[in-house]
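Reviewing the structure listed below.
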Amino acid sequence: MGTQFTRWIMKQPHQHFLAVRLKTTSSQYVASRARDPTFEKLMDKYKNLLKVLAVQDLILANPINPELSLDFLSRLSQKLHLNRGAVSFLRKYPLIFHIYHDPMKSQTFCRLTDAAIQISKDEAEVINASLPLVVDRLVRLLSMSHSRMLPLRVVLKVGRELGLPDDFEDSVISRNSHLFQLCDAHEPNTHNLKLFDVIPDKFTAAVENWRVEEYFKEGCNVDRAEIQFSFKHGYPPGMRLRKNFRAKVKEWQRLPYVGPYDEVSEKKRSSKAGMMAVEKRAVATVHEFLNLTVEKMVEVEKISHFRKWFGFDLNIRDLFLDHPGIFYLSTKGKRHTVFLREAYERGCLIHPNPVYHARRKLLDLVVLGRHGLLTDELRSIASNKEAESLGQYDGETCISD
């Protein structure tokens, strides 16, 4: 009977199992979500990009001699999820990695190509040029914390998502000592990043700006009562929206809205209304958090570290699944990644920024793979040189997917 019930749950469209979610496991709830082909295709590219970035970071970890021995990289293959081995992975991206043999050291190394190095430099330059925006993001992030303070390690976990520079502590914190302060935490060797109380103006959340634009849009006949607490919604293609589901969404949209920068009085969730208010506050906070990121996306595991500091104890992953019109959750690449649905159109940001543009260049090289701009003659030369330098690795064991 239990198995039959589970199968029935899995066959139902998203809106049906909202009512019976407590009778399903979390993994079943994730598996039964409505898929969005556009985001899934994007994550197919990103999961390979993340592996490339992991290897790139290892190479650039030594700025004096940015290279990496294949022996060392091979030992890290499993940890980096290079499923077919280090050499096979590097060969997939000849426009990013160059493999060569050093006769003096009797070792084979890999380094970044000139194109990949230039992309890395371009990204660093645009990040440094946008430091005022970085400071603003950080002030907003700390303002969402009920204590106006966050552990430094938690902030650094989303350093790439926030577009923080490598010398973040010097270029951002130290140079803005009138805004930020590092103080000791209760844990050893841990610091908290604290925001000074002197902030002149209260911030306006991105969703509030959208409401104003929507209300004053030419030809808009939306009632103010309908939009004053609403969030923009959009759903995966082919997702059936039943009448009762639409009614529940409409009811949720009308619930009073507490902004991510507003102070919240401590109230216990003793009633259904109290629980829904906490949930809407959590949606508002995560919505704003995603708006602060460079690419309007983040790993669920990373954002879950902020729950305590943002003042809600809900299951973050379930929160995203409960609101498929606002967020999209992908499980590609052995990780759960959430996207802000309204920020994307056809797999690209609607309002891109310079850091995003710089990162897309590397993604383009990842997508090209072996099919780059090299001529057939140059490909042949490169393949022959690779074959000579990789003779010792021909017997490397492959790990199946």
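The first residue in the sequence is number 1, and the count goes up from there.
Close placement of the Trp252 and Phe231 rings is indicated, their centers lying within 6.0 Å of each other. A distance below 6.0 Å separates the ring centres of Phe327 and Phe320. Between Phe196 and Phe180, the gap from one ring centroid to the other reaches at least 6.0 Å.
Pairs passing the ring pair (Phe, Tyr, Trp, His ring centres under 6.0 Å) check and including a residue from residues 33-57, sequence neighbours excluded, read Phe39-Tyr328, Phe39-Phe339, Phe39-Tyr344.
Under 4.0 Å is where a charged nitrogen must lie from a carboxylate oxygen, and between Asp36 and Arg341 at least one such pair does. Between Asp136 and Arg140, at least one side-chain nitrogen of the basic residue sits less than 4.0 Å from a carboxylate oxygen of the acidic one, meeting the salt-bridge criterion. Comment: Glu301 does not engage Arg335 in a salt bridge, judged by the lack of any side-chain N to carboxylate O separation of less than 4.0 angstrom.
For the residue pair Glu279 and His323, a side-chain donor N or O sits within less than 3.5 Å of a side-chain acceptor on the partner. Between the side chains of His101 and Thr108, at least one donor N or O lies within less than 3.5 Å of an accepting N or O.
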Quick one, Arg211 with Tyr215, criterion side chain to side chain donor-acceptor pair (under 3.5 Å). Give me CA distance, side-chain angles, the key distance, then yes/no.
CA-CA 6 Å; Arg211 289 172 191 150; Tyr215 185 71; over 6 Å; no

Between Val300 and Leu329, is the side chain to side chain contact (heavy atoms under 4.5 Å, CB included) condition met? List the steps.
CA-CA 9 Å; Val300 175; Leu329 181 71; 3.5 Å; yes

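When all heavy atoms of Pro165 and Asn128 are compared, the pair lying nearest together is CB-OD1, 4.0 Å.
Remark: Val126 engages Pro354, Val355, Ala358 in a side chain to side chain contact (heavy atoms under 4.5 Å, CB included) (not counting sequence neighbours). Here His98 pairs with Tyr100 under the ring-ring contact (aromatic ring centres under 6.0 Å, His included) rule; sequence neighbours left out.
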